[in-house]
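Data first, discussion second: the structure below is written as structure tokens.
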Amino acid sequence: MRMVDLIQKKRDGHELTTEEINYIVQGYTDGSVPDYQVSAFLMATYFQGMSEKERADLTMAMVESGDQIDLSAIEGVKVDKHSTGGVGDTTTLVLGPLVAAAGVPVAKMSGRGLGHTGGTIDKLEAIDGFHVEITSEQFIDLVNKNKIAVIGQSGNLTPADKKLYALRDVTATVNSIPLIASSIMSKKIAAGADAIVLDVKTGAGAFMKTLEDSRELAEAMVRIGNNVGRKTMAVISDMSQPLGFAIGNALEVKEAIDTLKGEGPEDLTELCLVLGSQMVYAAGGASSLEEAREHLVKVIENGEALKKFKVFLEAQGGDGSLVDDPSKLPQAKYKIELPAKEDGYVSEIVADHVGTAAMWLGAGRATKESEIDLAVGLMLNKKIGDEVKAGDSLVTIYSNQESIDQVKEELYRSILLSKDKVDAPPLVHEEITE
């Protein structure tokens, strides 16, 4: 088998066999196929696309390029959830205990964030004492005992994907649906999930800006998952404005606690119920999405979801008392209001720019080496469609610096007002279950 022949075959629009895809992925991983040939292959794929079979084969070749997590010792169907990213995306903090309280095991492998705010682990580390440095045996024991645990990403998962992504980044081949879908799904499958629920964001603050592109990505990932034997479902949710009100690590933990109490923002609560229903249904914990949702509403109302969050935190060294007293979370030195300059209606909140403002405060990482300030961030006081009077606070800024003129300017540029009333965008655009 020669790499040049496979490049030509893909360039001319023909389907590659399982063996040919394995040859490319294994060769690039072990260094026997040079990056200039893989670059040519990626560009050919960018223009010619891939069949469903090729996408599934590429995904599994990347899965098999490194370690795979074995979760078979955990009782029940293990469901993983993946979000394509957004601003103020607190769903994992809510969904973990919510779904676990409904009896479905949540064995979550999470990472740290590079961007607007921290990743799930950064947010959880706003809780004094909480840690994810546990052994695989402890992780499995905790999930069997409490139905929930979070462990840091470890081992050599999908090394082929890491190499391919780095090459895509410098060859202008990132925005290819087959390559994006197989990259995301390879990581989820290697992490040991039996079923996968995907939250595919769409809008200004999302990786996919249009509904059409988001739908294409969601359908591609659902098909890959189902084709390789993992029950996979997806939700296309709106990210034309931040989700919920909180953007920042400790602030998002507080918002998650409020949501588990049944007192959280309407949009965050609704999205967690939609995603959670899919997770419970995919795990066989309910016979329909409607029944799953009823179960989730019940565990919020009877306090079981909040109780489960406390158990989860304490099992991993965290101070569970802050569930009842969130003032124990890291607190910023300054609380600064951003007043509206005129009357009107909020017509647009540019989510990624608001996220950038939060990062400048220290809520996120500009580089891998950046230190996160867990206390700082933003609380939106208005969302799209809300009426505003001059002087009303648009945002409460939590800062450990007194002078934040750059942050304020960015926020004023990001929150636009109009004289005419504007409707709020729909939160859930579509659900893809097959």
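- Qualifying salt bridge (charged side-chain N to carboxylate O under 4.0 Å, His left out) partners for Lys261, counting only residues two or more places apart in sequence or in other chains: none.
- The CD1 atom of Ile349 sits 5.5 Å away from atom CD1 of Ile415, with the distance rounded to the nearest 0.5 Å.
- No donor-acceptor pair under 3.5 Å is formed between the side chain of Thr433 and the backbone N or O of Met233.
- Side-chain contact between Gln278 and Val79 is absent, with no heavy-atom pair separated by less than 4.5 Å.
- No side-chain heavy atom of Phe245 sits less than 4.5 Å from a side-chain heavy atom of Leu378.
- Distance alone, capped at 3.5 Å, places no donor-acceptor pair between the Gln241 side chain and the Glu348 backbone.
- The residues Glu212 and Arg215 are annotated as not salt-bridged, no charged nitrogen and carboxylate oxygen being separated by less than 4.0 angstrom.
- Separation of atoms CD (Gln26) and CD (Glu64) is listed at 8.5 Å; rounding is to 0.5 Å.
- The existence of a salt bridge linking Glu371 and Arg365 is excluded, since no basic side-chain nitrogen approaches an acidic carboxylate oxygen closer than 4.0 Å.
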Given side chain to side chain donor-acceptor pair (under 3.5 Å), test Thr29 with Lys163 step by step and report yes or no. CA-CA 7 Å; Thr29 307; Lys163 282 192 79 172; over 6 Å; no
What do the steps show when you test Lys10 against Thr45 for side chain to side chain donor-acceptor pair (under 3.5 Å), and what is the final call? CA-CA 7 Å; Lys10 177 45 67 180; Thr45 301; 5.4 Å; no
Using the rule given for ring-ring contact (aromatic ring centres under 6.0 Å, His included), can you reason through Phe312 versus Phe130, listing the C-alpha separation, both sets of side-chain angles and the distance that settles it, and then say yes or no? CA-CA 10 Å; Phe312 155 61; Phe130 185 90; 5.5 Å; yes
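- Judged as a salt bridge (charged side-chain N to carboxylate O under 4.0 Å, His left out), and not counting sequence neighbours, the contacts of Lys108 are Asp80.
- In summary, the aromatic rings of Phe41 and Tyr36 are positioned with their centroids too far apart to meet the 6.0 Å limit.
- Screening residues 263-279 for salt bridge (Lys or Arg N to Asp or Glu O under 4.0 Å) gives Asp267-Lys383, Glu270-Arg293 as the qualifying pairs, with residues at least two apart or on separate chains.
- More than 12 heavy atoms of other residues, nucleotides or ligands sit less than 6.0 Å from atom CG of Asp169.
- Listed by first and then second residue, the salt bridge (Lys or Arg N to Asp or Glu O under 4.0 Å) pairs that reach into residues 219-245 are Glu52-Arg223, sequence neighbours excluded.
- Ala61 meets the side chain to side chain contact (heavy atoms under 4.5 Å, CB included) test with Ile21, Asn22, Val25; sequence neighbours excluded.
- For the pair Val106/Lys147, no side-chain contact is recorded, criterion being any heavy-atom separation below 4.5 Å from C-beta on.
- Rounding to the nearest 0.5 Å places CG of Leu93 at 9.5 Å from OG1 of Thr259.
- A donor-acceptor contact under 3.5 angstrom links the side chains of Thr202 and Ser214, judged on distance only.
- Of all heavy-atom pairs between Tyr46 and Ser176, the closest is CD1-CB, 3.9 Å.
- Between Lys254 and Asp258 a salt bridge is recorded (basic side-chain N to carboxylate O distance below 4.0 Å).
- Note on Asp57 versus Lys53: salt bridge recorded, some NZ/NE/NH1/NH2 to OD/OE distance being below 4.0 Å.
- Side chain to side chain, Asp199 and Thr84 fail the donor-acceptor criterion of an N or O pair below 3.5 Å.
- Of all the heavy atoms in Ile196 and Met185, the pair that sits closest is CD1-CE, 3.7 Å.
- A donor and an acceptor atom, one from each side chain of Ser237 and Lys201, are located under 3.5 Å apart.
- Taking the side chain as every heavy atom from C-beta outward, Leu275 and Leu271 approach each other to under 4.5 Å.
- Judged by distance alone, with hydrogens and angles left aside, the side-chain atoms of Glu314 form no donor-acceptor pair with the main-chain N or O of Val311 at under 3.5 Å.
- Applying the salt bridge (charged side-chain N to carboxylate O under 4.0 Å, His left out) rule to Asp324 yields the partners Lys310; only residues at least two apart in sequence or on another chain are considered.
- Of all the heavy atoms in Thr158 and Ser186, the pair that sits closest is CG2-O, 3.6 Å.
- Side-chain N/O atoms of Asp420 and Ser418 include no donor and acceptor closer than 3.5 Å.
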